[in-house]
Structures are given as structure tokens and as C-alpha cells.
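Below: one structure, written as C-alpha cells.
Side-chain atoms are counted along with the backbone in the values below, which use heavy atoms only and exclude waters and symmetry mates.
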Amino acid sequence: VQLQAFGGGLVQPGGSLRLSCVASGSIFSINVMAWYRQAPGSQRELVAAVTRGGGTNYADSVKGRFTISRDNAKNTVYLQMNNLKVEDTAVYYCAALKGEYGQPWTIYDYWGQGTQVTVSS
């Protein structure tokens, strides 16, 4: 499975961005698609995840602002980010998991290349 992420950039506080992640290869094996992020000097943290059936999980810090969605027909997962804050600045990674949902990033089987999101005035 290969993952390719798109959509990062520079945005002002309060602005919006949408990230996309396109999966290719043996995608039938994938159950969970997720977005993680890692800021300089910080650990990689889960932002949001969605299962094949549509169940979602979010970090408390993004609830009400971010929405994850999945288009199985297009093999694509999206992360709509609204009301962005300076503390959302990080490299965002798309990840895929064959097994059941979990939070530790170490359990994910496949990773995209990362896309930089910078929130600054």
C-alpha cells in the first residue's frame, strides 16, 4: 500500500485547509485510515481516524474543528481543518492500519510522506 498526502500550506489563524490522502496498492486490506501530526520537539500524535465502516475518533484538541472523512470508491481520506490555531502547526502524516483501531502510531502499517501545515499571522 502506498499513501500520498496533499494539501498542506500556510494559513492564518482562524483559516481552513483540507488535506487529502490517496491510497494505492492492496487497499482491500486496509481497515483504519488516520491522520497524525508531529510538531518540532514533540511526539507524533493522533489527530483523527476513520474505519472502513465510517466510525471516527478525534483528538480532544481538534474536536469540533476538524472532520475526517473517507471515500472508499476513490481510495481517499480527507481531513477538513477549520478554525486553525497556531498550535496546529505540524507535519501531518496519513497512515493506514490493517487491524483494529488503536492510537499508538507504532501499530500503523503504512505511512505517507507528510505534509507541512503552518498556522501563522
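A donor-acceptor contact shorter than 3.5 Å links the side chain of Thr89 to the backbone of Val119. Between the Arg18 side chain and the Gly7 main chain, no donor and acceptor come within less than 3.5 Å of each other. For Asn31 (side chain) and Gly99 (main-chain N/O), a donor-acceptor pair under 3.5 Å exists by modelled atom type. With hydrogens and angles ignored, the 3.5 Å screen pairs a side-chain donor or acceptor of Gln113 with a backbone N or O of Ala5.
Counting only residues at least two apart or on different chains, no ring-ring contact (aromatic ring centres under 6.0 Å, His included) pair has a member in residues 41-93. Pairs engaging residues 25-47 under the ring-ring contact (aromatic ring centres under 6.0 Å, His included) rule: Tyr36-Tyr108, Tyr36-Trp111 [sequence neighbours left out].
The shortest distance between side-chain heavy atoms of Ser69 and Val50 does not fall below 4.5 Å. Considering only heavy atoms from C-beta on, Leu3 comes within 4.5 Å of Met33 through its side chain.
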Give the intermediate values and the outcome of salt bridge (charged side-chain N to carboxylate O under 4.0 Å, His left out) for residues Asp60 and Lys63. CA-CA 5 Å; Asp60 288 342; Lys63 284 180 181 177; 3.1 Å; yes
Just do the side chain to side chain contact (heavy atoms under 4.5 Å, CB included) check on Val117 and Met81 with the steps written out, would you? CA-CA 10 Å; Val117 172; Met81 304 185 293; 3.9 Å; yes
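Tracing side-chain contacts under 4.5 Å through hydrophobic residues (I, L, V, M, F, W, Y), one reaches Leu97 starting from Trp105; they form part of the same cluster. No chain of hydrophobic side-chain contacts below 4.5 Å, direct or via other Ile, Leu, Val, Met, Phe, Trp or Tyr residues, connects Val86 to Val11. Note on Val77: it clusters hydrophobically with Tyr110, by side-chain heavy-atom contacts below 4.5 Å among ILVMFWY residues.
Qualifying side-chain hydrogen bond (donor to acceptor under 3.5 Å, both in side chains) partners for Gln80, counting only residues two or more places apart in sequence or in other chains: Asn82.
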